[in-house]
Amino acid sequence: MERTCWNLDLSLADVGRRVTLLGWVSKKRNLGSILFIDLRDRSGLIQIMVKDADKIPDIRNEYVIQVVGMVEKRESPNEKMKTGAIEINAESIKVINTAKLTPLIIADETDALEETRLKYRYLDLRRPAMQKYFDIRDTIKITAHRFLHEHRFIEIETPMLCASSPEGAKEYLVPSRLHHGSFYALPQSPQMFKQLLMVGGFERYYQIARCFRDEDLRADRQPDFTQIDIETSFLDQNEFLTMMEGLIKDIFQSTISYEVKLPLRQMTYREAMERFGSDKPDTRFGIELHELKRTVFSQSTFAGFVNSPSIKGLCVPGVSRETSRKVIDNLNLEAKKYGLSGLSVLKCEAKDLAGSFVKFLSDQEKLHLIKEFDAHDGDIIIIAAGPLNRVQPLLGAIRLNYGRQLNLIKPNTYDLLWVVDFPMFERDIESNKMVASHHPFTRPKDEDLHWLDEDPTKALSYAYDIVINGYEAGGGTLRIYDQNIQKKIFHILGLSDEEVKAKFGYFIDALQYGTPPHGGMAFGLDRLAMILGGTENIRDVIAFPKNLAAVCPMSGAPTQVSDEQLNELGIEVKKSS
RNA sequence: GGACCAUUGGUGUAGCGGUUAACAUGUCUCCCUGUCACGGAGAAGACCACGGGUUCGAUUCCCGUAUGGUCCGCCA
């Protein structure tokens with residue numbers, strides 16, 4: 001169609017130029033015999049000025065129009081607009097298409113609820129704020145492509161239709177029409193393929209990879225999502241992390257012009273859990289966790305403390321007055337979520353502690369607590385007791401809630417760090433079996449190999465997460481290439497040779513033909529876009545996302561299919577009552 | 001699988017055991033020559049999510065269901 005440029009291509013330099021613009025009517029301001037139209041295209045808004053409003057056709061919001069006119073300097077510029085110094089003096093306006101009244105206001109300050117926005121996503125996406133998220137997302141991808149290409153990576157696509165693998169997240173299954181009763185699985189990640197590409201000799205691979213996980217959703221979790229998936233050969237952990245830091249630095253620079261200082265800090269998993277109660281700590285504010293079992297309460301006679309393997313606490317400044325009965329009830333509710341019967345809240349008043357729990361404390365313990373936290377009047381101290389793997393996450397969650405509630409996190413600040421040295425194994429609470437913390441191909445740290453025989457839970461791994469502002473923005477591991485160690489790991493996981501063969505057969509085979517030392521990671525593209533775009537909702541950076549019930553509010557997916565389709569696939573569906 | 005919160009004109013909110021259900025915004029009509037969240041005047045627009053209960057009376061209180069959101073489990 002006839003179009004001379006996009007809106008934001010124009011500036012004062014173009015005054016006097018005759019242009020033809022295309023776009024949507026964003027806003028109309030009719031002052032009688034002068035009419036203003038804000039015309040929106042993908043680049044942004046520009047003001048159209050119509051001197052003789054009677055001569056133009058009836059136009060309403062979101063009509064698609066073509067405007068022919070002269071670029072003029074404005075009598076009264078608008079500094080808030082990028083094109084605020086100029087306007088288009090319209091000679092003619094042509095309606096290219098009309099629009100129904102939209103169910104939501106198409107402006108950055110839309111007041112529509114997310115439910116409505118998702119139902120009419122195609123309209124929501126017209127909002128400049130939304131388009132900005134996708135610009136950022138695109139810039140991340142372009143930057144990654146360029147950086148990785150320059151570092152001799154090659155992008156290779158791996159299959160979407162894969163063999164089901166028994167470990168890890170639940171998979172989306174795709175029935176086979178040609179093989180009734182058999183199913184493909186959509187990849188949770190290209191994990192095995194990328195390792196096989198290392199066996200295949202590519203040395204440096206990447207892929208902007210779609211991944212699928214049939215798990216319950218969260219504000220930062222979608223069932224289909226995108227990773228910048230990376231694998232390299234012949235790099236040790238620090239060589240690899242240094243390279244990835246370069247990528248992250250470039251991404252921050254190109255998207256938001258933020259300079260990331262390198263090298264990034266490394267914090268061990270253990271330290272992150274002990275100090276912040278999270279393996280993805282937001283370290284932009286304090287309220288750190290303190291160990292109390294060995295210190296303040298070493299002599300405690302309180303039954304709840306004596307029998308607890310750990311007691312930890314934190315001190316929240318200045319919230320004593322707001323800490324009503326209801327607030328304390330909610331804290332206890334939070335504790336129950338984490339499998340603890342409750343927690344203790346103490347208020348610091350008149351250089352002493354108050355609250356229903358003080359009766360269980362000796363004077364010495366009270367003084368010790370105040371000193372431990374350097375607590376002042378108006379502060380509260382929250383204490384949780386129980387198994388460490390519940391106490392720490394609980395206090396970590398409470399810490400984060402207060403950090404947000406008290407606005408302790410400065411906006412537009414970025415906190416990047418590596419969390420390293422994850423344990424190889426965890427003990428599953430229900431089955432008491434040993435399970436791999438990451439996956440069974442994660443390489444144990446050289447200096448921890450002896451623990452595999454002595455006490456596997458003490459063995460740490462070459463595993464690393466990049467944590468940005470309290471989000472796990474990516475993670476990965478070095479992989480095992482020594483088959484003897486691999487056998488030992490399977491043994492610890494309680495897998496027999498037959499089970500290994502059945503579960504990982506072709507993969508284990510492949511590793512026996514000269515596998516290079518290798519390792520990699522995957523960045524969550526959606527999470528990066530979310531962090532850099534400044535939103536806490538991953539749905540904002542995904543064009544057509546699913547809601548928490550894994551339903552697409554616009555298309556209605558998943559939907560029922562016809563009996564013909566099912567017959568062809570040899571599938572019978574149980575009618576749910 | 002579990003916990004909590006929400007559901008009121010198109011949109012977003014307020015509200016209360018008895019109301020003409022309020023406000024903002026959007027929409028429509030009229031007026032307006034420099035607006036830009038334009039302004040002014042007026043109008044239309046709501047079985048207060050659904051089902052049951054308590055009550056003389058329920059949009060309001062209670063229970064259930066549905067939908068949505070946040071979290072725990074889960075996410076090698």
Side-chain angles (χ1 to χ4, degrees), chain A residues 26-39 45-53 60-62 72 74-81 83-84 87 89 100-120 123-124 165-171 188-189 191-192 211-223 225 329-330 332-340 390 393-394 397-398 400-401 404 422 424-426 428-430 434-442 461 463 472 475 477 489 493 503-504 524 536-537 539 547-549 551 553:
Chain A
S26 177
K27 188 83 191 168
K28 209 172 60 169
R29 289 178 295 277
N30 189 347
L31 279 72
S33 52
I34 188 167
L35 169 70
F36 296 101
I37 297 165
D38 288 337
L39 182 73
L45 295 175
I46 196 163
Q47 177 165 281
I48 312 295
M49 190 263 290
V50 184
K51 272 269 166 58
D52 206 345
R60 290 165 195 245
N61 285 347
E62 299 310 318
E72 290 182 353
R74 283 215 210 166
E75 282 178 27
S76 46
N78 180 357
E79 278 154 27
K80 282 185 277 185
M81 270 176 99
T83 56
E87 65 190 358
N89 187 346
K100 289 209 310 191
L101 183 60
T102 57
L104 51 95
I105 300 163
I106 300 176
D108 281 352
E109 314 78 30
T110 187
D111 53 5
L113 279 188
E114 198 188 7
E115 203 178 338
T116 312
R117 290 173 44 208
L118 289 184
K119 190 169 175 195
Y120 302 97
L123 297 178
D124 189 42
S165 79
E167 306 283 305
K170 289 187 204 77
E171 298 170 316
Q188 309 162 30
S189 86
Q191 182 63 38
M192 288 197 203
C211 305
F212 306 86
R213 292 184 189 169
D214 191 4
E215 296 289 347
D216 286 356
L217 285 68
R218 290 285 190 282
D220 63 349
R221 241 197 260 166
Q222 280 279 302
F225 59 100
D329 284 350
N330 282 333
N332 276 302
L333 209 62
E334 190 75 7
K336 287 198 177 63
K337 276 195 200 163
Y338 286 84
L340 296 175
R390 293 180 178 175
L394 166 63
I398 290 172
L400 200 57
N401 288 342
R404 288 189 180 145
F422 284 81
M424 282 289 291
F425 305 100
E426 287 161 18
D428 185 62
I429 298 173
E430 284 166 29
M434 206 74 91
V435 294
S437 305
H438 276 249
H439 58 72
F441 314 111
T442 302
S461 59
E472 184 195 325
T477 66
I489 301 297
L493 291 171
K503 288 187 172 185
F504 309 111
E536 295 196 333
N537 184 342
R539 294 180 292 268
N547 66 18
L548 281 190
V551 167

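Residue numbers begin at 1 in each chain, while the letters A, B, ... track the order of the sequences.
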Handout entry: Residue-phosphate contact under 4.0 Å: A/Lys80 side-chain N/O, B/A37 OP1/OP2
Key =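 Yes, within the criterion.
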
Exercise for the section: May I ask you to verify if any side-chain N or O of A/Arg29 is less than 4.0 angstrom from the OP1 or OP2 atom of B/U35? Expected result: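 For B/U35, neither OP1 nor OP2 has a side-chain N or O of A/Arg29 closer than 4.0 Å.
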
N/O donor-acceptor pair, side chain [X] with base [N], under 3.5 angstrom:
X	N	value
A/Gln47	B/U35	yes
A/Asp216	B/G73	yes
A/Arg117	B/U11	no
A/Arg221	B/C75	yes
A/Arg60	B/C28	no
A/Arg218	B/G73	yes
A/Glu87	B/G34	yes

Nearest to the side chain of [X] - [options]?
X	options	value
A/Lys170	B/C74, B/C71, B/U27	B/C74
A/Tyr338	B/G26, B/C72, B/G34	B/C72
A/Leu101	B/G34, B/G69, B/G26	B/G26
A/Leu333	B/A3, B/C38, B/U13	B/A3
A/Ala219	B/C71, B/C74, B/U27	B/C71
A/Asn61	B/U27, B/G34, B/G68	B/U27
A/Ser33	B/U33, B/U70, B/G26	B/U33
A/Ile105	B/G26, B/A37, B/G12	B/G26
A/Met49	B/G10, B/G68, B/G34	B/G34

Practice task
Using the test ring pair (Phe, Tyr, Trp, His ring centres under 6.0 Å), find all partners of A/Phe504 that sit at least two apart in sequence or belong to another chain.
Solution key: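 A/Phe441, A/Phe490.
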
Handout entry: Counter-base of B/G39, judged by Watson-Crick or G-U geometry with both distances under 3.5 Å
Key =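 Its partner is B/C31 (Watson-Crick or G-U wobble, both distances under 3.5 Å).
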
Problem - Sugar-phosphate only, base, or nothing, as touched by A/Thr102 at under 4.0 Å among non-hydrogen atoms - result: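 Counting heavy atoms under 4.0 Å across all strands, no contact is made by A/Thr102.
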
Problem - Salt bridge flag under 4.0 Å for residues A/Asp124 and A/Lys119 - result: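 Looking at A/Asp124 and A/Lys119, the cut-off is not met.
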
Problem - Check ion pair A/Glu114-A/Arg539 (N to O, under 4.0 angstrom) - result: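 Salt bridge present between A/Glu114 and A/Arg539.
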
